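Single-structure report; data block below.
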Amino acid sequence: VQLQASGGGLVQAGGSLRLSCAASGRTFSSYTVGWFRQAPGKEREFVADISWSGKSTYYADSVKGRFTISRDNAKNMVYLQMNSLKAEDTAVYYCAADTKIYYGESSGSRPYAYDYWGQGTQVTVSS
């Protein structure tokens, strides 16, 4: 599985961005996918994940109510809609897939649970 994240950029506080994660591989639709972010000098942190079917989603408390994760398995795509952005959302955002489990509901918030990662896309929120 290869993942490529895109859609980052510079946005003012209160604005919105939609990140995309494009995946290759016929079985991508069988895997849970997560979004993580890493700010300078900080550890990589969980943002959200989504089940293989898209029916179950989980969010970090810091983004709940502002971010929405979704997927389109027909297109091998996962999205992260980010609204009401804050300066503290500034980070490099990564998408990741857990290919160890088929048809899972969640792979959790620990980065080590995911074995394939995209290259990251920078999100900068100006205050």
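Keep in mind that this is a model prediction, so the values were computed, not measured.
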Legend entry - Counterpart residues, salt bridge (Lys or Arg N to Asp or Glu O under 4.0 Å), relative to Lys86 (two or more places apart): none

Inset, instruction - Go through Val78 and Phe28 one step at a time and tell me if the side-chain contact (heavy atoms from CB on, under 4.5 Å) criterion holds. - result: CA-CA 10 Å; Val78 174; Phe28 174 75; 3.6 Å; yes

Legend entry - Nearest heavy atoms of Tyr102 and Ser30, plus distance in Å: CD2-CB, 3.4 Å

Legend entry - Distance-only polar pair, side chains of Asp49 and Thr32, donor-acceptor under 3.5 Å: no

Inset, instruction - Calculate, to the nearest 0.5 Å, the distance between atoms CG and OG belonging to Leu85 and Ser126 respectively. - result: 10.0 Å

Inset, instruction - Using a 4.5 Å cut-off on heavy atoms from C-beta on, say whether the side chain of Gln119 contacts that of Gln4. - result: yes

Inset, instruction - Taking the six-membered ring for Trp and the single ring otherwise, decide whether the centroids of Trp52 and Tyr103 are under 6.0 Å apart. - result: yes

Inset, instruction - Examine distances only and state if a side-chain atom of Ser56 and a backbone atom of Ser51 form a donor-acceptor pair shorter than 3.5 Å. - result: no

Legend entry - Partners meeting salt bridge (Lys or Arg N to Asp or Glu O under 4.0 Å) with Asp98 (sequence neighbours left out): Lys100

Inset, instruction - Any chance you could measure Trp35, atom CH2, to Leu80, atom CG, to the nearest 0.5 Å? - result: 6.0 Å

Which donor-acceptor pairs under 3.5 Å do side chains of residues 6-20 form with protein atoms, sequence neighbours excluded?
{"unit_1": "Ser16", "atom_1": "OG", "unit_2": "Asn83", "atom_2": "OD1", "d": "2.9"}

Inset, instruction - Determine yes or no for a side-chain-to-main-chain donor-acceptor pair under 3.5 angstrom, with Asn76 supplying the side chain and Gly25 the backbone. - result: yes

Legend entry - CD/Gln81: more than 12 non-hydrogen atoms of other groups inside 6.0 Å: yes

Inset, instruction - Would you confirm whether Ser24, through its side chain, and Gln2, through its main-chain N or O, come within 3.5 Å as a donor-acceptor pair? - result: yes

Inset, instruction - Could you list the residues that satisfy salt bridge (Lys or Arg N to Asp or Glu O under 4.0 Å) with Glu88, not counting sequence neighbours? - result: none

Inset, instruction - Test the Arg66-Tyr59 pair against the cation-pi criterion, namely NZ or CZ under 6.0 angstrom from the six-membered ring centroid and within 45° of the ring axis. - result: no

Legend entry - Pairs meeting criterion disulfide bond (SG atoms under 2.5 Å apart) with involvement of residues 78-127, two or more places apart: Cys21-Cys95

Inset, instruction - Quick one: list whatever passes salt bridge (Lys or Arg N to Asp or Glu O under 4.0 Å) with Lys42, sequence neighbours left out. - result: none

Legend entry - Residues, nucleotides or ligands: over 12 heavy atoms within 6.0 Å of Lys64 NZ: yes

Inset, instruction - Measure the shortest side-chain to side-chain distance between Phe36 and Arg110 over non-hydrogen atoms and say whether it is less than 4.5 angstrom. - result: no

Legend entry - Arg71 side chain near Val33 side chain, heavy-atom distance below 4.5 Å: yes

Inset, instruction - For residues Arg37 and Asp89, determine if any side-chain heavy atom of one lies less than 4.5 Å from a side-chain heavy atom of the other. - result: yes

Inset, instruction - Find out whether Leu3 and Trp117 are in side-chain contact, i.e. whether some heavy atom of one side chain is under 4.5 Å from a heavy atom of the other. - result: no

Inset, instruction - Without swapping roles, check the side chain of Tyr114 against the backbone of Gly108 for a donor-acceptor pair under 3.5 Å. - result: yes

Legend entry - Over 12 non-hydrogen atoms of neighbours within 6.0 angstrom of OH in Tyr116: no

Legend entry - side-chain contact (heavy atoms from CB on, under 4.5 Å) between Ile69 and Tyr79, worked out: CA-CA 6 Å; Ile69 189 172; Tyr79 306 99; over 6 Å; no

Inset, instruction - Supply the atom-to-atom distance Ser84 OG to Met82 CE, rounded to the nearest 0.5 angstrom. - result: 11.5 Å

Legend entry - Min side-chain heavy-atom separation Tyr58-Ile50 under 4.5 Å: no

Inset, instruction - Flag this pair as yes if the NZ/CZ of Arg44 is under 6.0 angstrom from the six-membered ring centre of Tyr94 and inside a 45 degree cone about the axis; otherwise no. - result: yes

